[in-house]
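Hydrogens, waters and symmetry mates play no part in the numbers below; they use all other heavy atoms, side chains included.
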Amino acid sequence: MSKVKITQTKSVSGQTLRQRRTIQALGLKRMHHTIEKELTPQVKGMIEAVHHLIKVENI
């Protein structure tokens, strides 16, 4: 599996509760916070659900 770097670029303020919880489940805590995750099918699905709030880079 490859690794990806995920950065939150937009605020969750004004988003649905489901999108807020998805961002929280990814491990993002605030804007411009960056994490590294293995690209599993579950993580890929979460990325697609909130793609408008985050930036994803392959490592």
For I23 and Q8, which heavy atoms make the closest approach, and how far apart are they?
-> CG2-OE1, 3.6 Å

Which value, rounded to the nearest 0.5 Å, describes the distance between I59 atom CD1 and E38 atom CD?
-> 9.0 Å

Determine, step by step, whether Q42 and T40 satisfy the side-chain hydrogen bond (donor to acceptor under 3.5 Å, both in side chains) criterion, reporting the C-alpha distance in whole Å, the side-chain angles of both residues, the deciding distance to 0.1 Å, and the verdict.
-> CA-CA 5 Å; Q42 294 83 7; T40 63; 3.3 Å; yes

Tightest non-hydrogen contact, residues K5 and T34, listed as CG-CG2, 3.2 Å

Is the closest side-chain heavy-atom distance between V50 and V12 below 4.5 Å?
-> no

How close do V4 and V56 get, heavy atom to heavy atom, and via which atoms?
-> CB-CG1, 4.0 Å

About how many Å separate CG of L26 and CD1 of I54, when rounded to the nearest 0.5 Å?
-> 6.0 Å

First locate atom CD1 of I6, then atom CD1 of I47, and finally report the distance between them rounded to the nearest 0.5 Å.
-> 4.0 Å

Please indicate whether E36 has more than 12 foreign heavy atoms, meaning atoms of other residues, nucleotides or ligands, lying under 6.0 Å from its CD.
-> yes

Partner residues of T9 under the side-chain contact (heavy atoms from CB on, under 4.5 Å) criterion, sequence neighbours left out | K55

Would you mind listing every salt bridge (charged side-chain N to carboxylate O under 4.0 Å, His left out) that reaches into residues 43-52, with sequence neighbours excluded?
-> none

Determine the minimum heavy-atom distance between S11 and M31, stating which atoms define it.
-> N-SD, 3.6 Å

Q15 and H52, any side-chain heavy atoms less than 4.5 Å apart | yes

Who are the side-chain contact (heavy atoms from CB on, under 4.5 Å) partners of T16, not counting sequence neighbours?
-> R18, Q19

